[in-house]
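Okay, so here's the structure we're looking at.
Values in this document were obtained by computation on a predicted structure and should not be read as measured data.
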Amino acid sequence: MSQTNVARLLKQSDIAFDLLSYPVDEQDLSAQNVARKINYPLSSIFKTLVLETDQKQHVFAVISGEEELNLKAAALALSTKKVQLVPMNDLKKLTGYIRGGVAPIGAKKKFPVLLSNQVTGQPFMIISAGKRGFQIKLAPDDFLTFTNGILFTNR
């Protein structure tokens, strides 16, 4: 199985994970489609969105596939007035990743990470491995520790 930058970084840090692969459908990069293809519940799939604050800082928001991002809740968690989604055309330049393969680990620059508290009580979470067709399954606590992530209420 192909190694990804995310997998290499986690392995170097002795963090336990599983690398999952699935056939990519470029017409449907949704969390629902990924959940179906890897046969895990949508609640365990976490998507990574890139935000920009009103101070022009960038942040990864990692939320369950069942959720929509509440921009006001993200701004509150970041103690800023306003956040917005980064335009899709800017993803690769900012992170090194493309849509459907954005990961909060191993990006070009290290950005703060917000993680939805929907992860609370779950034994594992699944995030992009930084490449379309690959996902990483790991413990939420390991993810938070590795990324210095902050839990937030996405409501």
Rounded to the nearest 0.5 Å, what's the gap from [atom1] on [X] to [atom2] on [Y]? Could you check?
X    : Y    : atom1 : atom2 : result
L85  : D90  : CG    : CG    : 11.5 Å
L71  : L76  : CG    : CG    : 12.5 Å
F46  : S128 : CZ    : OG    : 14.0 Å
F124 : D142 : CZ    : CG    : 14.0 Å
I126 : D18  : CD1   : CG    : 9.0 Å
N5   : L9   : CG    : CG    : 4.5 Å

State, with a plain yes or no, whether a side-chain heavy atom of [X] is found less than 4.5 Å away from one of [Y].
X    : Y    : value
L91  : R99  : yes
N70  : T153 : no
I136 : M125 : no
L94  : H58  : yes
I127 : P104 : yes

For [X] and [Y], work out which heavy atoms get closest and say how close.
X    : Y    : result
G130 : V6   : N-CG2, 4.0 Å
R155 : A73  : O-CB, 3.5 Å
I38  : S21  : CG2-O, 4.2 Å
P140 : P123 : CD-O, 3.7 Å
L69  : A74  : CD1-CB, 4.4 Å
A35  : P41  : CB-C, 4.3 Å

Shared ILVMFWY cluster between [X] and [Y], side chains joined below 4.5 angstrom?
X    : Y    : answer
L144 : V59  : no
L49  : V62  : no
F143 : V119 : yes
F111 : F146 : yes

Next on the checklist: Determine whether S116 and E67 satisfy the following criterion, side chain to side chain donor-acceptor pair (under 3.5 Å), listing intermediate values before the conclusion.
Outcome noted: CA-CA 9 Å; S116 168; E67 296 178 277; 2.7 Å; yes
Item to check | Stepwise side-chain contact (heavy atoms from CB on, under 4.5 Å) check, V83 with D54 | outcome: CA-CA 6 Å; V83 296; D54 52 353; over 6 Å; no
Checklist entry - Which of these passes side chain to side chain contact (heavy atoms under 4.5 Å, CB included) with F60: L51, L114, T95? => result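 When L51, L114, T95 are each tested with F60, the side chain to side chain contact (heavy atoms under 4.5 Å, CB included) holds only for T95.
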Item to check | Residue from L78, I63, N117 passing side chain to side chain contact (heavy atoms under 4.5 Å, CB included) with F152 | outcome: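 So, applying the side chain to side chain contact (heavy atoms under 4.5 Å, CB included) to F152 and each of L78, I63, N117, only I63 qualifies.
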Checklist entry - Do you see a donor-acceptor pair shorter than 3.5 Å between the side chains of K137 and Y40? => result yes
Checklist entry - Any side-chain donor paired with an acceptor under 3.5 Å for S43 and Q118? => result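 Checked: S43/Q118 side chains show no N/O donor-acceptor pair below 3.5 Å.
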Next on the checklist: Test of understanding: with side chain to side chain contact (heavy atoms under 4.5 Å, CB included), list the residues that count as partners of Q55, not counting sequence neighbours.
Outcome noted: T53, Q57, T80
Next on the checklist: Assess the residue pair R132 and F134 against the criterion (side-chain contact (heavy atoms from CB on, under 4.5 Å)); give the C-alpha distance rounded to whole Å, side-chain angles, the decisive distance to 0.1 Å, and a yes or no.
Outcome noted: CA-CA 6 Å; R132 286 180 182 170; F134 294 92; over 6 Å; no
Item to check | Worked check of side-chain contact (heavy atoms from CB on, under 4.5 Å) between Q135 and Y22 | outcome: CA-CA 8 Å; Q135 298 284 308; Y22 61 95; 3.6 Å; yes
Checklist entry - Does NZ belonging to K110 count more than 12 external heavy atoms closer than 6.0 Å? => result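 Result for NZ/K110: open.
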Checklist entry - Run the side-chain contact (heavy atoms from CB on, under 4.5 Å) check on E68 and N154 step by step: do they pass? => result CA-CA 8 Å; E68 291 295 322; N154 185 30; over 6 Å; no
Checklist entry - Pairs in or reaching into residues 27-47: which pass salt bridge (Lys or Arg N to Asp or Glu O under 4.0 Å), with residues at least two apart or in two chains? => result D28-R36
